[in-house]
Amino acid sequence: QQQQLLGDSKSVPLIQGGLNDYACGGDIVMEEYLKLDVVQKAFNVQESEYYSVDNAQGFDYTPTEKDLSGFYKHVALETDLAVLVYNGDVDPAITSFATQNWTSHLGLRTSEDWRPWTVDSCRRMGGYVTRYEGQLDFLTIRGAGHMVPTYKPTATFTFLEAWLNKKDYPTYVANCTAPSATFSDFETGVEVPMEAEDTPQERLSTNTNFLRAVG
């Protein structure tokens, strides 16, 4: 399917699916897919050239507010809205550590300490979550880059389904008999166990090594 869609498959790194867990190639194929006439007709859009603005090319982002922390704190404490702040933990652009630092400095009381969450309510790691008063959650997705749903579609479905239905994120069960998940270094084939007992320092070391391997 990838070869049929892209035509010249030699110019496309077929290993892309191994990095982002998306068999068809993720963002590369999505861009070509959205350029198809039949797709644009189905979306009822005028003929146009699709391009991604995530690389900042042709996109002017001008912030109007220097600091939104007060707004988020207002939403958490003075409204009934739930807030989910999530971050891929191997995102080199907006790191999960920067986001974690920001949410932890909002001044909100922690209602549930930092803990692992899973995709299968067993040992298949999805990431980590900290919950604050006022229904504000900070959640990381293990092994995901900047475009989280593209990198980790199954994990994304799991945490969004839980959040939208106001359910707890699936927990890690240490004595579960199901096999624990691993992510593979697609170049060397080395597997790195995704253990829930990782400390933040160990997680930083693991993620740094992973980025070196894939970067």
Side-chain angles (χ1 to χ4, degrees), residues 16-24 26-27 76 82-104 108-186 188-211 213-214:
Q16 184 75 11
L19 171 62
N20 61 21
D21 287 0
Y22 196 75
C24 291
D27 199 48
V83 177
L84 172 61
V85 180
Y86 68 86
N87 212 129
D89 71 0
V90 292
D91 180 357
I94 302 175
T95 70
S96 60
F97 299 101
T99 309
Q100 182 180 33
N101 181 65
W102 186 85
T103 53
S104 66
L108 300 174
R109 177 179 53 84
T110 302
S111 60
E112 184 176 7
D113 290 331
W114 185 79
R115 70 161 177 87
W117 65 274
T118 65
V119 174
D120 61 355
S121 298
C122 186
R123 296 185 65 186
R124 185 180 173 189
M125 284 295 298
Y128 298 86
V129 61
T130 303
R131 314 192 81 169
Y132 296 93
E133 63 177 324
Q135 303 183 84
L136 188 143
D137 298 346
F138 168 65
L139 179 142
T140 64
I141 300 85
R142 190 68 184 261
H146 191 58
M147 309 299 283
V148 173
T150 303
Y151 284 84
K152 296 293 177 181
T154 302
T156 300
F157 178 83
T158 300
F159 76 75
L160 282 179
E161 182 183 40
W163 183 73
L164 290 171
N165 288 287
K166 298 183 178 180
K167 297 180 179 179
D168 286 338
Y169 305 104
T171 58
Y172 174 86
V173 182
N175 60 355
C176 184
T177 57
S180 59
T182 60
F183 66 80
S184 298
D185 174 346
F186 68 91
T188 64
V190 176
E191 292 188 338
V192 183
M194 300 200 296
E195 295 298 338
E197 293 84 356
D198 288 353
T199 64
Q201 291 77 16
E202 290 170 337
R203 181 161 57 98
L204 174 60
S205 176
T206 298
N207 292 343
T208 300
N209 291 334
F210 177 70
L211 285 172
V214 303

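Val173 pairs by the side chain to side chain contact (heavy atoms under 4.5 Å, CB included) definition with Thr171, Asn175, Cys176, not counting sequence neighbours. Residues satisfying the side-chain hydrogen bond (donor to acceptor under 3.5 Å, both in side chains) criterion with Tyr132, sequence neighbours excluded, are absent altogether. Listed by chain and number, the residues in a side-chain hydrogen bond (donor to acceptor under 3.5 Å, both in side chains) with Glu133 amount to none (sequence neighbours excluded). For Thr99, the side-chain hydrogen bond (donor to acceptor under 3.5 Å, both in side chains) criterion is met by Asn87, not counting sequence neighbours. Here Ala98 pairs with Thr95 under the side chain to side chain contact (heavy atoms under 4.5 Å, CB included) rule; sequence neighbours left out. For Asn101, the side-chain hydrogen bond (donor to acceptor under 3.5 Å, both in side chains) partners are His105, not counting sequence neighbours.
Counting all heavy atoms, side chain and backbone alike, Met125 lies closest to Pro116 at CE-CB, 3.7 Å. Shown here for Gly145 and Val90, the closest heavy-atom pair between the two residues is N-CG2, 4.0 Å. Residues Thr158 and Thr118 share a closest heavy-atom pair of CG2-O, 3.8 Å. A pairwise comparison of heavy atoms in Leu108 and Ala76 identifies CD1-CB, 3.9 Å as the closest pair. Contact detail for Thr150 and Pro153: the closest heavy-atom pair is O-CD, 4.0 Å. Between Gly88 and Ser96, the shortest heavy-atom distance links the atoms O-CB, 4.0 Å.
Listed for the Asn165 side chain is no donor-acceptor partner under 3.5 Å among the backbone atoms of Lys167.
Note that CZ of Arg142 and NZ of Lys152 are 9.5 Å apart. Values are rounded to the nearest 0.5 Å. Atom CD of Gln100 and atom CG of Asp89 lie 10.5 Å apart (nearest 0.5 Å). Considering CG of Leu84 and CZ of Phe138, their distance stands at 10.0 Å, rounded to 0.5 Å.
Side-chain contact check for Asp168 versus Arg131: some heavy-atom pair is nearer than 4.5 Å. Taking 4.5 Å as the limit, every side-chain heavy atom of Trp114 sits out of range of all side-chain heavy atoms of Val129. When side chains are defined from C-beta on, Thr140 does not count as touching Tyr86, because their heavy atoms never get closer than 4.5 Å. Considering only heavy atoms from C-beta on, Leu139 stays 4.5 Å or farther from Tyr128 through its side chain. Side-chain contact between Arg124 and Thr154 is present, with heavy atoms from C-beta onward closer than 4.5 Å. Counting heavy atoms from C-beta on, the side chains of Thr103 and Thr130 never come closer than 4.5 Å.
Under the 30°/60° scheme for interplanar angles, the aromatic rings of Tyr169 and Trp117 are found to be tilted.
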Walk me through it: do Tyr172 and Arg123 pass the test side-chain hydrogen bond (donor to acceptor under 3.5 Å, both in side chains)? CA-CA 5 Å; Tyr172 174 86; Arg123 296 185 65 186; 3.2 Å; yes
